[in-house]
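In what follows, a single structure is set out as structure tokens and then discussed.
Please read these numbers as outputs of a predicted model, since none were measured by experiment.
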Amino acid sequence: MHAQHPDPMRERAQVVLLDGWWEHVVLPGADLDRRDLPEDGWEPVRVPFAIETRDSGVERALQPDETLVYRRRLEVPDAWAGRRLRVVLGAVDHSCQVRVGGRVVAEHVGGYLPVEAVLAPDAVAAAGPEGLELTVLVTDPTDTASIQRGKQVLTPRTIWYTATSGIWGTTWMEPLPEVAVTGLRVEPLPGLDGFRVRVDTDAAEPADCELSLVAPDGGQTVTTVRTGTWTRLPVERPQLWSPGSPALYRVRVRVGEDEVSSWAGLRTVGLTPGRGSGRRRRVLLNGEPVLVNAPLSQGYWPSSGMTPPDEDAVEHDLRVLKEMGFNAVRVHIKVESRRFYHLCDRLGLMVVQDMVSGGRPPLGIQASGVVQALGYTVPDGSRLFRQWTGRGRAVDRAQFARELAAMVRHLRCHPSVIMWVPFNEGWGQFDSRRAEAAVRRLDPTRLVDAVSGWFDQGRGDLRSRHRYVLRLRRAPRHDHRPFYLSEFGGLNLAVPGHVWDGEGLDVQFGYGFSSDAEELAEAMTSLYRDQLIPLAAHGLAACTYTQVSDVERETNGLMTYDREVTKVEPSLMARLNGELEEAFRGALPA
């Protein structure tokens with residue numbers, strides 16, 4: 001048994017982690033339905049690290065015309081006899097088929113969300129003393145198809161990174177009783193005086209269940225709610241969630257023999273009044289104006305790719321951001337593990353969450369600079385625009401919509417998540433107004449930055465712009481939406497001995513280089529004091545500095561890729577962020 005559950009938002013008492021050494025083989029031909037699996041040729045692979053990474057023990061690329069096959073034995077504890085078995089693969093890139101004992105138990109398309117299979121008691125019992133054989137077949141076209149892949153490419157360069165193929169999220173199994181909880185939603189009431197709760201199960205009929213709510217101060221409420229319907233749950237002396245006071249409520253539900261634990265926070269996200277106020281709008285957290293200061297996090301590590309080496313590595317990054325005076329983080333075109341978001345909930349970091357980009361980027365680096373300078377835009381609903389951004393096929397657009405909806409459903413339980421970003425810099429952008437509307441239907445409680453960077457369609461909650469190299473400037477006066485400088489900075493310092501795989505400094509990518517830490521500190525101070533902080537007087541509501549750490553050829557991180565060197569002193573960043581916050585507060589109406 002493992003004490004720390006990989007999914008703290010749907011946690012059961014019994015769980016067995018499946019991470020570790022599995023077997024794998026790479027076969028010619030991309031075919032998930034193949035039955036001709038070999039007897040020989042299997043080699044060890046360490047899960048949950050993509051096979052391209054050093055930590056996987058394989059370190060080779062999966063080609064679009066190949067199939068990666070994993071296998072391992074599942075040893076089911078005797079105490080689980082007679083129960084169903086839930087097997088979860090935290091993330092598998094990109095398409096996969098899961099088999100147990102040769103029978104297909106799950107299929108999945110999309111590389112960033114969990115894959116789940118539930119086995120009936122008779123299937124578990126049929127395994128015998130040797131256990132169950134779990135087989136996972138994977139194919140991954142990477143950048144040869146219009147899939148959601150973020151910055152993954154087969155040939156890494158500049159801002160494009162090494163591909164991630166296969167299992168790269170934590171894997172585990174747990175027992176399920178005859179009737180199990182399948183969904184638990186706990187959402188704050190608009191008045192912040194309680195929650196509304198919905199418990200769903202796989203039973204045919206609704207039933208009563210016991211719900212326990214433990215407040216941050218230890219006070220406990222126990223009540224009975226009906227499954228399959230929403231119930232209001234008032235809270236005495238509400239304790240609100242915010243970056244300065246990340247209060248979390250512990251939630252437990254019991255339905256028959258199943259008991260599931262989760263977490264919830266009391267907080268609301270909104271905007272100040274619109275045009276009638278005569279002022280540019282601001283972001284509100286719990287009804288109070290807040291400057292969302294969210295540096296860009298891409299979530300890559302040198303030897304393990306998109307999988308953190310361990311949870312301590314993730315917590316280190318987030319605590320450094322807090323120490324530097326940031327109150328948020330922008331998760332850039334990636335979906336992190338459940339425990340990442342739970343750490344943000346616990347530590348008090350708001351999250352701006354990107355959808356994973358697909359299609360193709362319509363502009364190169366130089367052309368994008370022209371768009372930044374001119375503020376150029378074009379309608380994104382035409383057939384020509386869709387072809388330009390790699391969304392010409394209806395089947396690809398439909399898959400994007402499914403994955404966007406699945407991401408929102410997966411993450412909307414976290415109080416730290418305050419904003420969704422469907423499209424970034426035009427990559428795969430199409431019909432952004434429809435995408436925005438779809439997100440609002442699924443989650444009307446958060447903000448939507450409909451198109452981050454450019455090709456603005458005049459919708460979304462924010463005026464969102466990226467600005468590199470060029471001097472920072474205020475948003476147009478006619479646009480009263482909150483101004484989000486959603487990417488800027490990218491100041492570079494390549495630290496010898498801490499550059500990716502020891503590559504020469506001449507191959508590093510960035511927007512302006514410093515020769516040492518002192519010069520970087522001067523450049524950062526000038527950027528803040530001369531350009532960023534003055535924007536507070538002109539309606540700056542949110543900002544995203546690029547970026548948290550170096551990634552492969554990019555050396556523009558606040559930390560090196562290995563996180564061994566913090567390139568900007570946290571005390572300096574905290575002082576500059578404090579000055580920015582003071583200017584923001586000073587610009588608010590009395």
Legend entry - Leu558 side, atom CG; Thr546 side, atom OG1 - distance, nearest 0.5 Å: 9.5 Å
Legend entry - Tyr300/Tyr161 aromatic ring centres below 6.0 Å: yes
Inset, instruction - Please round to the nearest 0.5 Å and tell me the distance separating atom SG of Cys413 and atom CE of Met9. - result: 4.0 Å
Legend entry - Shortest non-hydrogen contact between Asp461 and Pro482, atoms and distance: O-CD, 3.0 Å
Inset, instruction - Output the distance between atom OG1 (Thr223) and atom CG (Leu213), rounded to the nearest 0.5 Å. - result: 10.0 Å
Inset, instruction - Evaluate the side-chain proximity of Arg481 to Leu462: yes if any heavy-atom separation is below 4.5 Å, no if none is. - result: no
Legend entry - Among Glu11, Glu174, Gln14, Arg338, the one residue meeting side chain to side chain donor-acceptor pair (under 3.5 Å) with His5: Glu174
Inset, instruction - Heavy atoms only: give me the nearest Gly460-Ala450 pair and the separation to one decimal. - result: CA-CB, 4.0 Å
Legend entry - No-hydrogen, no-angle side-chain donor-acceptor test under 3.5 Å, Thr544 and Tyr484: yes
Legend entry - Lys/Arg-Asp/Glu bridge criterion (N-O < 4.0 Å) met for Asp380, Arg391: no
Legend entry - Minimal non-hydrogen separation, Leu113 against Met407, with atom names: CD1-N, 3.7 Å
Inset, instruction - Starting from the C-alpha separation in whole Å, work towards a yes-or-no answer on ring-ring contact (aromatic ring centres under 6.0 Å, His included) for Phe195 and Tyr249. - result: CA-CA 10 Å; Phe195 297 97; Tyr249 287 77; 5.3 Å; yes
Inset, instruction - Could you tell me whether the side chains of Gln399 and Gln148 share a donor-acceptor contact shorter than 3.5 Å? - result: no
Legend entry - Check: Gln353/Tyr341 side-chain N/O donor and acceptor closer than 3.5 Å: yes
Legend entry - is_close_aromatic(Phe385, Phe430), centroid dist under 6.0 Å: no
Legend entry - Heavy-atom pair of closest approach, residues Gly305 and Thr53: N-CG2, 3.7 Å
Inset, instruction - Give the C-alpha distance, both sets of side-chain angles, the deciding distance and a yes or no for salt bridge (Lys or Arg N to Asp or Glu O under 4.0 Å) between Asp202 and Arg84. - result: CA-CA 12 Å; Asp202 51 12; Arg84 294 182 294 165; 2.8 Å; yes
Legend entry - Side-chain ion pair, Asp456 and Arg463, N-O less than 4.0 Å: yes
Inset, instruction - State, without any angle test, whether Thr164 and Asp93 hold a side-chain donor-acceptor pair at a distance under 3.5 Å. - result: no
Legend entry - Between Glu52 and Ser165: side-chain donor-acceptor atoms closer than 3.5 Å: yes
Inset, instruction - Would you please classify the geometry between the Trp427 ring and the His332 ring as parallel, tilted or perpendicular, with 30° and 60° separating the classes? - result: tilted
Inset, instruction - Measure from the side-chain N and O atoms of Trp168 to the backbone N and O of Gly111, and report whether any donor-acceptor pair falls under 3.5 Å. - result: yes
Inset, instruction - Report the residues that fulfil side-chain contact (heavy atoms from CB on, under 4.5 Å) with Ser337, sequence neighbours left out, ordered by chain and then residue number. - result: Arg339, Phe340
Inset, instruction - Answer yes or no: is there a side-chain heavy-atom contact under 4.5 Å between Gln457 and Gln429? - result: yes
Inset, instruction - Using a 4.5 Å cut-off on heavy atoms from C-beta on, say whether the side chain of Val197 contacts that of Arg185. - result: no
Legend entry - SB check Glu116 Arg86 (cutoff 4.0 Å): yes
Legend entry - Modelled atom types, side-chain donor and acceptor of Gln152 and Arg149, under 3.5 Å: no
Inset, instruction - State, with a plain yes or no, whether a side-chain heavy atom of Val548 is found less than 4.5 Å away from one of Leu321. - result: yes
Legend entry - No-hydrogen, no-angle side-chain donor-acceptor test under 3.5 Å, Arg99 and Gln97: yes
Legend entry - Evaluation steps, side-chain contact (heavy atoms from CB on, under 4.5 Å), between Asp345 and Trp263: CA-CA 9 Å; Asp345 293 342; Trp263 299 88; 5.7 Å; no
Legend entry - Interatomic spacing from CD in Glu554 to CH2 in Trp160 - rounded to 0.5 Å: 10.0 Å
Inset, instruction - Give a yes or no on whether a salt bridge exists between Arg434 and Glu436, defined as a side-chain N under 4.0 angstrom from a carboxylate O. - result: no
Legend entry - Heavy-atom check, side chain of Leu18 versus side chain of Val47, under 4.5 Å: no
Inset, instruction - Would you please indicate if the ring centroids of Phe455 and Phe423 are separated by under 6.0 Å? - result: no
Inset, instruction - Kindly determine whether Met355 and Val421 satisfy side-chain contact (heavy atoms from CB on, under 4.5 Å), including the steps that lead there. - result: CA-CA 6 Å; Met355 174 57 185; Val421 184; over 6 Å; no
Inset, instruction - Output the distance between atom CZ (Phe49) and atom OG1 (Thr307), rounded to the nearest 0.5 Å. - result: 6.0 Å
Inset, instruction - Could you tell me whether Arg412 and Asp443 make a salt bridge, using a distance below 4.0 angstrom between a side-chain N and a carboxylate O? - result: no
Legend entry - Stepwise side-chain contact (heavy atoms from CB on, under 4.5 Å) test for Val352 and Asp449: CA-CA 9 Å; Val352 176; Asp449 179 6; 5.8 Å; no
Inset, instruction - Kindly indicate, with the supporting measurements, whether the criterion side chain to side chain donor-acceptor pair (under 3.5 Å) is fulfilled by Tyr468 and Glu487. - result: CA-CA 8 Å; Tyr468 291 111; Glu487 286 185 34; 2.6 Å; yes
Legend entry - Ser464-Ser486 side chain donor-acceptor pair, cut-off 3.5 Å: yes
Legend entry - Under 3.5 Å side-chain donor-acceptor pair for Ser452 and His466: yes
Inset, instruction - Kindly compute the distance separating CG (Leu184) from OG (Ser262), expressed to the nearest 0.5 Å. - result: 5.0 Å
Legend entry - Considering all heavy atoms, the nearest Val283-Leu271 contact: CA-CD2, 4.1 Å
Legend entry - Atom CZ of Arg196: over 12 foreign heavy atoms under 6.0 Å: yes
Inset, instruction - For the residue pair Trp172 and Val88, establish whether any side-chain heavy-atom pair is separated by less than 4.5 Å. - result: yes
Inset, instruction - Report yes if some heavy atom in the side chain of Val181 is under 4.5 Å from a heavy atom in the side chain of Asp200; otherwise report no. - result: no
Inset, instruction - Of all the heavy-atom pairs spanning Leu285 and Arg267, show the shortest one and how long it is. - result: CD1-CD, 3.9 Å
Legend entry - Glu336 and Tyr112 side chains, donor-acceptor separation under 3.5 Å: no
Inset, instruction - Check whether any side-chain heavy atom of Ile51 lies under 4.5 Å from a side-chain heavy atom of Tyr70, and answer yes or no. - result: yes
Inset, instruction - Salt-bridge test for Asp431 and Arg386: reply yes if a basic N is under 4.0 Å from a carboxylate O, no otherwise. - result: yes
Inset, instruction - Taking only Lys NZ, Arg NE, NH1 and NH2, and the carboxylate oxygens of Asp or Glu, determine whether Glu210 and Arg252 approach each other closer than 4.0 Å. - result: no
Inset, instruction - Take Arg467 and Leu485 through the test side-chain contact (heavy atoms from CB on, under 4.5 Å) and record every step on the way to the result. - result: CA-CA 7 Å; Arg467 193 84 170 173; Leu485 183 59; 4.0 Å; yes
Legend entry - With sequence neighbours excluded, residues passing salt bridge (charged side-chain N to carboxylate O under 4.0 Å, His left out) with Glu425: none
Inset, instruction - Please identify each residue that fulfils side-chain contact (heavy atoms from CB on, under 4.5 Å) with Asp310, with sequence neighbours left out. - result: Asp312, Ala313
Legend entry - Salt-bridge present (Asp354, Lys334; N to O < 4.0 Å): no
